[in-house]
Amino acid sequence: MDVHHTIANNQIPEVPGTVLFPFFLAINIAEATRAAIGWVEPGLGPLFTLRKTYYPGDIGFGAGFKPTNAKDFNTMQTKELQNGRLAMLAAA
(Lines give C-alpha, C1' and ligand atoms only; values in the text may rest on other atoms or scores of the structure.)
Protein backbone atom coordinates (compact mmCIF):
# COMPACT_ATOMS: atom_id res chain seq x y z
CA MET A 1 0.00 0.00 0.00
CA ASP A 2 1.47 3.33 -1.05
CA VAL A 3 0.83 6.14 1.45
CA HIS A 4 0.90 9.74 0.28
CA HIS A 5 3.72 11.80 1.80
CA THR A 6 1.49 14.64 3.03
CA ILE A 7 0.60 12.60 6.10
CA ALA A 8 2.33 14.25 9.08
CA ASN A 9 3.69 10.98 10.46
CA ASN A 10 5.67 10.53 7.25
CA GLN A 11 6.93 14.11 7.21
CA ILE A 12 8.45 14.21 10.70
CA PRO A 13 11.44 11.97 9.81
CA GLU A 14 12.17 14.27 6.86
CA VAL A 15 12.64 17.34 9.10
CA PRO A 16 16.31 17.91 9.97
CA GLY A 17 17.37 17.21 13.56
CA THR A 18 18.68 20.76 13.88
CA VAL A 19 15.07 21.94 13.61
CA LEU A 20 13.41 19.18 15.62
CA PHE A 21 15.73 19.35 18.63
CA PRO A 22 15.03 23.03 19.50
CA PHE A 23 11.33 22.49 18.79
CA PHE A 24 11.01 19.55 21.18
CA LEU A 25 13.30 21.24 23.71
CA ALA A 26 10.97 24.26 23.80
CA ILE A 27 7.97 21.95 24.30
CA ASN A 28 9.74 20.14 27.17
CA ILE A 29 10.71 23.40 28.87
CA ALA A 30 7.13 24.71 28.58
CA GLU A 31 5.69 21.49 30.02
CA ALA A 32 8.22 21.37 32.87
CA THR A 33 7.41 24.98 33.76
CA ARG A 34 3.67 24.27 33.73
CA ALA A 35 4.16 21.19 35.89
CA ALA A 36 6.31 23.13 38.38
CA ILE A 37 3.60 25.80 38.67
CA GLY A 38 0.66 23.42 39.01
CA TRP A 39 1.79 20.34 40.87
CA VAL A 40 3.30 19.65 44.28
CA GLU A 41 6.85 18.31 44.07
CA PRO A 42 7.26 14.59 44.80
CA GLY A 43 8.25 14.08 48.41
CA LEU A 44 6.49 17.23 49.63
CA GLY A 45 3.03 15.69 49.49
CA PRO A 46 1.02 12.92 47.86
CA LEU A 47 1.89 12.18 44.24
CA PHE A 48 -0.17 13.82 41.47
CA THR A 49 -1.51 16.53 43.78
CA LEU A 50 -2.29 20.01 42.46
CA ARG A 51 -1.20 23.03 44.46
CA LYS A 52 -4.00 24.69 46.41
CA THR A 53 -3.27 28.04 44.70
CA TYR A 54 -3.36 26.55 41.18
CA TYR A 55 -6.39 26.81 38.91
CA PRO A 56 -6.11 24.48 35.87
CA GLY A 57 -5.03 26.46 32.84
CA ASP A 58 -3.94 29.52 34.81
CA ILE A 59 -0.14 29.64 34.71
CA GLY A 60 0.17 33.41 34.98
CA PHE A 61 0.53 34.02 31.24
CA GLY A 62 -1.32 37.11 30.00
CA ALA A 63 -2.08 38.41 33.47
CA GLY A 64 -3.07 41.80 32.06
CA PHE A 65 -5.85 40.18 30.02
CA LYS A 66 -7.25 37.95 32.78
CA PRO A 67 -10.59 39.17 34.15
CA THR A 68 -10.63 39.89 37.88
CA ASN A 69 -14.07 38.55 38.80
CA ALA A 70 -15.11 34.90 38.55
CA LYS A 71 -18.08 35.40 36.18
CA ASP A 72 -16.01 37.23 33.54
CA PHE A 73 -13.18 34.70 33.96
CA ASN A 74 -15.57 31.79 33.33
CA THR A 75 -17.00 33.57 30.27
CA MET A 76 -13.53 34.15 28.83
CA GLN A 77 -12.51 30.57 29.62
CA THR A 78 -15.58 29.23 27.77
CA LYS A 79 -14.84 31.45 24.76
CA GLU A 80 -11.25 30.20 24.66
CA LEU A 81 -12.40 26.56 24.81
CA GLN A 82 -14.92 27.13 22.02
CA ASN A 83 -12.31 28.86 19.85
CA GLY A 84 -9.89 25.99 20.49
CA ARG A 85 -12.50 23.43 19.49
CA LEU A 86 -13.32 25.40 16.35
CA ALA A 87 -9.62 25.58 15.47
CA MET A 88 -9.25 21.81 15.90
CA LEU A 89 -12.21 21.22 13.59
CA ALA A 90 -10.79 23.66 11.03
CA ALA A 91 -7.39 21.92 11.15
CA ALA A 92 -9.00 18.51 10.66
Side-chain angles (χ1 to χ4, degrees):
M1 180 164 95
D2 189 23
V3 179
H4 197 268
H5 285 285
T6 58
I7 296 174
N9 288 340
N10 293 338
Q11 291 178 349
I12 291 174
E14 296 174 8
V15 177
T18 55
V19 174
L20 282 180
F21 180 75
F23 178 71
F24 287 120
L25 181 64
I27 291 172
N28 283 325
I29 291 170
E31 287 296 318
T33 302
R34 184 187 57 84
I37 291 170
W39 277 266
V40 175
E41 290 87 356
L44 298 179
L47 289 178
F48 308 112
T49 303
L50 290 175
R51 296 181 190 275
K52 295 200 185 302
T53 58
Y54 176 69
Y55 184 80
D58 185 13
I59 58 171
F61 180 75
F65 301 106
K66 180 180 165 185
T68 54
N69 63 18
K71 183 180 181 221
D72 290 342
F73 182 78
N74 287 335
T75 302
M76 181 179 241
Q77 187 178 37
T78 300
K79 288 178 182 178
E80 287 180 358
L81 285 171
Q82 295 299 337
N83 286 336
R85 290 177 182 141
L86 181 63
M88 284 188 284
L89 286 173

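What you see is a predicted model, and the numbers here were worked out from it, not measured in a lab.
Just one residue in the list K71, M76, Q77 forms a side chain to side chain contact (heavy atoms under 4.5 Å, CB included) with F73, and that residue is Q77.
Hydrophobic clustering (ILVMFWY, side-chain heavy atoms < 4.5 Å, transitive): L25 and V19 are in distinct clusters. F21 and F23 are not part of a single hydrophobic cluster, where members link through side-chain heavy atoms under 4.5 Å apart. L44 and L50 fall into different hydrophobic clusters, where Ile, Leu, Val, Met, Phe, Trp and Tyr side chains are chained together by heavy-atom contacts under 4.5 Å.
From L86, atom CG reaches atom CG of L81 across 12.5 Å, with rounding to the nearest 0.5 Å. Note: T75 OG1 to K79 NZ = 6.5 Å, rounded to the nearest 0.5 Å. Atoms CD1 and CZ, on I29 and R34 in that order, are 14.5 Å from each other to the nearest 0.5 Å.
The shortest non-hydrogen separation linking P22 to G17 is CD-O, 4.2 Å. When all heavy atoms are compared, the tightest approach of W39 to F48 is CD1-C, 4.0 Å.
Put simply, the side chain of R51 never gets that close to the backbone of V40: no donor and acceptor are under 3.5 Å apart.
E80 and R85 are not joined by a salt bridge, as no carboxylate oxygen comes within less than 4.0 angstrom of a charged side-chain nitrogen.
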